[in-house]
Each structure stands twice: as C-alpha cells, then as structure tokens.
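This report concerns only the one structure given below.
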Amino acid sequence: MHDHAKSPLKTYFAVWGALLLGTFLTYRVAFIDLGVFNPVVALVIATTKALLVALFFMHLINASERLLKLVVASTIFFLLILLTLTLTDYVSRPWTIAS
Amino acid sequence: MSDSQTVVPTSSHDDVHSPALLHHFATEEQQKDASNLGMWIFLATEVMFFGGLFCAYLIYRRWYFGDFAAASASITVWLGALNTAVLICSSLTVVLAIWAAQTSQRALLLLMLALTMLFGLAFLGIKGIEYKQKFDEHHVPGATFSFDHEEIPSQPGHYANPQHAQIFFALYFIMTGLHALHMIVGLGIFSWLFWMAWKGRFTPEYHTPLEIGGLYWHFVDIVWIYLFPLLYLIDRHS
C-alpha cells in the first residue's frame, strides 16, 4: 500500500499550497462582478479543493479496494439525487414566493 | 429463523502475529481495509446528513436571494477566510502525523497531533469571536432578532425582509454549529490519538486509528470548504 521508496511529503505540501491558493482565489473572486458566474466559480473552486483533500489527504487516489470505490461513488450519487431531484422540483414550479 | 448463538472463544491466541490483529481477521491488511471501509460508510451517512442542510440552504437562497445576500454581507468575511486557512493547515498536520507514524518518528507524530488540535482550537476560537459579533448585533434567530434597514447589496434603496434574513441566520447557525460540533468531536478523537501515540501504540505496521481519525478530520475540512463560499460570500461584489 505505502510506497516507502519515495516520500509523499512533496505531494502533501503541494496540495496544501494549492488549497491555500484556492481559498485566496475564492475570496478575491467573490468581490469581482461575474454576474451569474460568481456562485459557479465559487463552487468549482470549492469542488476542486474538496477533490484535492479527498484524493491526496484521504488517499482515495491509492484506493485499490473495489468495495471502497463503490461506497464513495454511491455517496456522491445519492447526494446528487438529493440535490438535483429536489431542486428540479423547486426550480420548475410555475409560482414563486414573493420576496 | 431462530437466532444463532455465537460462541466467542475466551482463550487467547498462541499464534505469532501482531497484537493489534483481532482474531476474526485473516491478515492485518484485511483488518485495515475493513476499518477503512467502515469509516467511509460512516462518512457517506455524514454526507447525506449535511446534504439535507445544503439542500434547504439552496432552496431558500433561490427564493430569498437579496435577503440572503444582505444577511451574508453582515458576517465578517475575513474571519471565515482565516478559519478556512486554519482548517487547511490542520489537514496538512494530520497527513504529516500519519507520515510520522509510518516512518517511526514518535516526536514528530506527537508534535503534529498537538498542532492539529491547536489548529482545531484556533478554529473554534475564531468561530466564537464570529458568534459573539452575531449575538451583539442581535442576528441570532429568536425573540431578540433584529435585521432592520439592512440594504440588499444589488438593489440600493431596497431593504432586506428581516424574516427572510432570519432564515439565513438560522441556516448559518445550524450549519456552522453542527460543523463546530464535529470539530469538538474531532478534538476528542485527536486527544485520544495523542494519548495512544504517547503510549507508543502506533508503529509503521499498525496505525489504523490515525488513518481513520484522519479521514474524519479531512471530511470536516471538506464540509467547511463548501460552507465558507456558500455562507460568507453571497453577492459580495455588489
């Protein structure tokens, strides 16, 4: 499992740097007017950061067990069912609550 | 059918193997994979747990976007950004702790576990400062809640509906509060890991508790990675 030949430290520090950079970017971009793309950019950066943590810090990139991959894939799948099916309902309703 | 009775052998093993290997596992690798899988299944339930809250947030944000933007603008944004950086640093110290265990560096392992807890405490302290501001400003949902004459960022001259803003703050406190609760649980887990490491329980062959505890810590970090832009950075550019 663990490759003792080469140290993982380089990867860890690179991921750490990328995560801090991502945080700085999210912060700065939020103050620039991108119209409808502001939340899109914020979520793309957040998802990139989450993937970096999951793949390199939680070692999913080295995962060999198929059962583990299935659990992770079904987690994402069921989360997407929860979010997309609920939101397609709310987004497509002909009426809206007056704000 | 009828319940099957499992007889648990009370006698200890005479086999020569690691004392960490439990008798119902064939190999240490299998035992580690089982622990790992169990943790990921737990994290799957946690994703759905937080997912429901994120879903509620998205629905209300869509309905009351202006009010949410006004309420979000009242939070001190740099405290949230600082806390994001603090958690990212704590995730680094967690992987460094596991690396230290893999390379038999006990002092480094203890240092990294201590630093992780320190970052965790710093996160909660900063969160506490933020919560105090919200209490002082009467932005906590309840009888004393007040959010009058707060302009909607994208619509100058228009004021946020306090009741809608209250929904934002309810979601803000539930989501960050639940996250903070996970941080407190994480600090408990890491105190125990520190104690185990202090007693020299972790070796390059056996350090599964560190990896499992680490998975939990990183998961809590990932939740915050989404909470920060969603709660603190709504329509900040207006």
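Residue numbering restarts at 1 for every chain, and letters A, B, ... go by the order of the sequence lines. Excluded from the calculations below are hydrogen atoms, water molecules and symmetry mates; all remaining heavy atoms, backbone and side chain alike, are included.
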Intermediate values then yes/no, side chain to side chain contact (heavy atoms under 4.5 Å, CB included), B/F54 and B/M175: CA-CA 8 Å; B/F54 278 105; B/M175 293 171 92; 3.6 Å; yes
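- When the candidates A/L34, A/V72, A/L20, A/V91 are compared by the number of heavy-atom contacts under 4.5 Å with chain B, A/V91 comes out ahead.
- Heavy-atom pairs under 4.5 Å with chain A peak, among B/G80, B/G214, B/A44, B/G52, at B/A44.
- Inspection of non-hydrogen atoms places A/A46, A/T47, A/K49, A/A50 of residues 44-51 of chain A under 4.5 Å from chain B.
- Seen from the ring of B/Y60, B/R62 does not count as a face-on cation partner, given the 6.0 Å and 45° thresholds.
- In A/F37, the CZ atom is not crowded: 12 or fewer heavy atoms of neighbouring residues, nucleotides or ligands sit closer than 6.0 Å.
- Of the two parts of B/I234, neither the backbone nor the side chain holds a non-hydrogen atom closer than 4.5 Å to a non-hydrogen atom of chain A.
- More than 12 heavy atoms of other shown residues, nucleotides or ligands fall within 6.0 angstrom of atom OH in B/Y216.
- B/E130 and B/K127 are joined by a salt bridge, as a carboxylate oxygen and a charged side-chain nitrogen come within less than 4.0 angstrom of each other.
- Comparing B/V77, B/D221, B/L43 by heavy-atom pairs within less than 4.5 Å of chain A, the highest count is held by B/V77.
- Of the two parts of B/F228, only the side chain, counted from C-beta on, holds a non-hydrogen atom closer than 4.5 Å to a non-hydrogen atom of chain A.
- Side chains of B/E211 and A/H59: no donor on one and acceptor on the other come within 3.5 Å.
- Around CZ of A/F31, the count of heavy atoms belonging to other residues, nucleotides or ligands within 6.0 Å exceeds 12.
- B/Q105 and B/T103 share a side-chain donor-acceptor pair at under 3.5 Å.
- A donor-acceptor contact under 3.5 angstrom links the side chains of B/W217 and B/S90, judged on distance only.
- With hydrogens and angles left out, the side-chain atoms of B/E150 and B/S74 include no donor and acceptor closer than 3.5 Å.
- Residue A/D33 touches chain B through both its backbone and its side chain, counting heavy-atom pairs closer than 4.5 Å.
- The contact between B/W99 and chain A is made entirely by side chain atoms (from C-beta outward), counting heavy-atom distances below 4.5 Å.
- At a 4.5 Å heavy-atom cutoff, A/L70 makes no contact with chain B through either its backbone or its side chain.
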